[in-house]
Amino acid sequence: MADLRVSLALSARAAGQAQRVAALLSASCSPGSSGHAAAAFLHRWAASVVAAAPDGPAAPDGPAASDGPAASDGLAASEGPAASDGLVASEGPAASDGPAASDGPAGRARPDPLTVLATVFGLDPVEVDLLLLAGLPEEHEGLADTFRTMNPCSEPVPTVGLAALLTGDRAGLRRLLAEGPAVRHGLLRLTDGPTFHERGLAVADRLWDALAGHDAWPRQLRRIDAGAVPPGLDGWLALPQVRHAVRALRRPEARTLLVSADDETIALSRCAALASGAGRRLVGARAAADDQAALAMLVAHAAARGAVPLLVAEAVQGETVRLELSGVPGPVLVWGPPGALRPVGPRPLLGVPSGPVPAADRRAAWRAALPGPPGQDAVLAARHPLDPALTAAVAADVHSLSRLSGVAAGPREATETIRCRAGAELPAGVRLLSPAAGWERLVLPAEPAAQLRDAVARLEHAALVLDEWGLRERARAAHGVRLLLTGPPGTGKSLAAEVIATAAGTDLMVVDVSQVVSKWLGETEKNLAAIFEAAERVQAVLLLDEADALFAARTAISGAHDRWANLETAYLLQRMDRFDGMAVLTSNLRANIDPAFLRRMDFVVEFPLPDEARRRELWRLHLPERLIAGGGLDLLATVYPVPGAWIRNAAVAAAFLAAQDGTAVSPAHLAKALAREYAKAGRPFPGVPAGIAGHREEQP
């Protein structure tokens with residue numbers, strides 16, 4: 001019932017102002033007048049509220065709480081103008097997550113929300129009285145009706161003129177209502193009126209309910225729930241900059257804590273962890289960074305809850321917005337899209353990094369998300385090195401599926417969930433494939449095949465080598481793996497990317513480079529940023545096929561086009577360095593690749609044209625022996641020095657020719673199919689060897 005105590009205590013403090021208004025009406029109105037009746041109602045209401053206060057018959061300490069004559073008669077349920085039984089005491093307990101008067105270390109009472117609000121904003125005692133006066137209409141419908149009858153504009157709020165009579169200091173009141181913190185920060189607002197003293201006094205939207213301990217929220221402010229703190233952030237919380245941020249949230253000094261993160265989910269999890277580390281609640285809202293009214297409302301409602309305000313700043317794509325928080329009291333957490341905010345003004349700024357988190361924390365996140373046999377957490381962390389915030393989101397999906405199916409969830413379900421989440425947000429020109437090709441599909445010389453296997457092994461052992469052995473710091477080694485596959489068309493480069501993804505146990509993200517490169521300035525970089533972010537979310541193998549257009553060698557600047565092309569290349573170099581997953585680039589001509597990219601590649605794998613032995617292997621790989629009539633595969637491998645893609649295409653085309661003839665696949669069908677492959681490539685067909693019977697030349 002702690003929240004009910006807060007509500008009753010606030011009502012008791014407001015009752016002091018009701019008694020002062022009643023005394024003013026009693027002194028200025030004749031007996032039998034409506035003003036005298038209103039005064040009697042105010043006296044009775046105030047007396048009943050004070051009697052129900054948690055601290056007994058006397059109102060709690062507060063400005064002017066005991067001012068005015070105390071009423072001796074109680075308030076009957078049916079008494080007062082338009083009154084029914086509307087006492088606050090009968091409203092029931094407030095929301096369970098509102099600020100509680102008894103919360104605090106060792107059971108010590110926490111200051112009531114109004115006292116906290118006054119302390120945070122530095123309110124004058126008279127301003128506290130004005131807030132209590134303005135809140136009276138929120139307490140009882142009879143009070144609202146009383147103030148309506150006294151308001152020249154028939155509004156159910158007290159007027160500035162009434163406040164002037166109560167304070168007795170018109171000049172001081174005008175100053176407070178013109179420049180005092182209560183009005184300046186939007187806690188107290190003035191309604192429209194013909195003259196200054198006929199304007200009404202009203203509390204900010206839903207703020208009175210928040211001061212009463214309820215989790216009320218203003219209608220014009222879009223609330224953000226940062227969620228629970230995900231497991232796996234212990235190492236991050238131990239970083240020096242993060243410890244400074246936690247310390248800042250425990251102190252009242254005005255300071256902006258700007259959280260740096262590309263992903264909003266990650267940023268919110270970091271903010272939740274900071275507030276939890278400081279022992280503070282977190283109240284967040286989404287608003288434009290330059291919307292001062294929304295920011296003031298957020299800070300006010302956070303203060304009423306004894307919480308830290310979090311601003312999730314909205315931004316227009318491609319624009320930078322000034323973040324001006326001068327004059328805003330206390331610490332404020334802020335996050336906005338990368339590059340969208342430009343902090344200005346003298347307010348101290350503290351940057352809070354978002355990661356990356358150590359390998360041990362990633363394992364801890366997976367261990368909490370999917371408890372399983374020993375070592376499962378390490379396997380999942382290596383296969384899906386997600387941020388703990390994203391791991392927690394995946395865990396929620398997996399456990400929801402488990403409840404529906406009745407079957408315990410495991411790594412396979414986690415992978416499916418990651419694929420589903422990423423697939424729903426893929427940028428244009430990107431396809432997410434579930435690979436199925438194994439190592440047996442690749443026919444390569446020993447050295448290229450070994451390099452591909454080593455690349456997969458690097459993913460599996462990255463946590464051990466980079467984090468536990470410390471090479472990330474000592475050698476400044478990157479977590480991701482970058483491969484460049486070069487060689488003539490059709491030698492298996494794209495297939496190798498699929499095989500690598502299969503071996504790594506993840507998806508293959510194929511990028512259509514033609515949709516990435518744009519003639520508009522800055523568009524290519526924006527497209528690339530979206531692609532890399534999507535690949536990091538799903539932890540898929542990123543395939544940039546035929547990437548010469550993106551990774552071409554930089555040239556001397558002879559015009560604006562060259563300058564921007566070089567900037568795009570430089571951006572890609574930087575983004576590749578920061579990429580945490582596996583990126584596979586393919587190119588038909590290694591000479592076209594910028595040397596700076598070659599230096600950054602972990603593996604540069606040459607795919608040569610297959611020799612005769614490997615061509616035999618490729619023919620048998622694509623055509624089962626049971627479909628072949630009359631042999632001849634060895635002869636085809638000897639006579640036609642073609643790449644593997646040609647062999648695959650010819651095998652499929654020959655099978656269709658055989659099906660059309662109603663026979664098994666013959667060497668003649670294969671020769672005919674190969675002749676067409678030569679024609680597609682614009683190369684002269686060598687002819688059909690004498691050992692292949694039944695072949696008929698294509699007629700023009």
Side-chain angles (χ1 to χ4, degrees), residues 429 431-445 449 485 487-502 507-508 510 512-515 543 545-546 586 588 607-700:
R431 292 178 297 131
L432 193 62
L433 307 179
S434 299
W439 291 111
E440 72 280 356
R441 302 295 301 176
L442 276 180
V443 179
L444 288 173
L485 312 183
T491 50
K493 300 184 294 295
S494 300
L495 174 63
E498 184 178 351
V499 171
I500 289 172
T502 303
D507 292 324
L508 180 66
V510 183
D512 183 351
V513 175
S514 65
Q515 294 196 42
L543 172 60
D545 208 2
E546 299 182 8
T586 72
N588 295 333
F607 280 63
L609 286 170
D611 56 18
E612 183 177 336
R614 291 183 176 82
R615 289 198 295 272
R616 291 193 188 98
E617 189 176 348
L618 285 166
W619 279 115
R620 287 179 171 80
L621 178 66
H622 292 101
L623 275 175
E625 290 287 349
R626 61 183 179 82
L627 298 180
I628 305 298
L633 292 184
D634 290 345
L635 182 57
L636 291 171
T638 302
V639 173
Y640 301 112
V642 295
W646 288 30
I647 293 175
R648 179 201 60 208
N649 293 344
V652 173
F656 276 103
L657 290 173
Q660 184 178 348
D661 291 343
T663 65
V665 179
S666 69
H669 291 131
L670 293 167
K672 182 177 182 179
L674 271 175
R676 291 176 176 175
E677 290 299 311
Y678 272 92
K680 283 194 299 184
R683 290 172 53 184
F685 182 55
V688 181
I692 297 180
H695 173 74
R696 293 177 299 170
E697 296 288 344
E698 288 287 308
Q699 297 298 318

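Because only heavy atoms are used, hydrogens play no part in the values below, and waters and symmetry mates are left out as well, while side chains stay in.
When all heavy atoms are compared, the tightest approach of Gly438 to Val499 is O-CG2, 3.5 Å. The heavy-atom pair separating Ala681 from Trp646 by the smallest distance is CB-CZ2, 3.3 Å. Across every non-hydrogen atom of Tyr640 and Leu674, the tightest pair is CD1-CD1, 3.4 Å. When all heavy atoms are compared, the tightest approach of Gly644 to Pro610 is N-CG, 4.2 Å. Taking each heavy atom of Ala437 and Thr502 in turn, the nearest pair found is O-OG1, 2.9 Å. The two atoms that bring Leu485 and Ala496 nearest to each other are CD1-CB, 4.0 Å, heavy atoms only.
Note: Leu623 CG to Leu618 CG = 11.0 Å, rounded to the nearest 0.5 Å. Taking CZ from Arg614 and CG from Asp611, the interatomic distance works out to 4.5 Å, rounded to the nearest 0.5 Å. Note that the CZ atom of Arg616 and the CG atom of Asp634 stand 5.0 Å from one another [nearest 0.5 Å]. Taken from CG in Leu543 to CG in Asp507, the straight-line distance is 13.0 Å, to the nearest 0.5 Å. Expressed to the nearest 0.5 Å, how far CZ of Arg648 lies from CG of Leu621 amounts to 11.0 Å. Taking CG of Leu635 as the start and CH2 of Trp619 as the end, the distance is 11.0 Å to the nearest 0.5 Å.
Using a 4.5 Å cut-off on side-chain heavy atoms (C-beta onward), Phe607 and Thr586 make no contact. Side-chain contact check for Leu636 versus Ile647: every heavy-atom pair is 4.5 Å or farther apart. Between Lys672 and Leu657, some side-chain heavy-atom pair lies under the 4.5 Å cut-off. The side-chain heavy atoms of Glu498 and Leu433, taken from C-beta on, include no pair separated by under 4.5 Å. Looking only at side-chain heavy atoms (C-beta outward), Leu609 and Arg615 stay at 4.5 Å or farther from each other. Two residues are said to be in side-chain contact when any heavy atoms from C-beta on lie closer than 4.5 Å; Pro488 and Pro643 fail this criterion.
Sorted by first and then second residue, the salt bridge (charged side-chain N to carboxylate O under 4.0 Å, His left out) pairs with a member in residues 431-445 form an empty list; sequence neighbours excluded.
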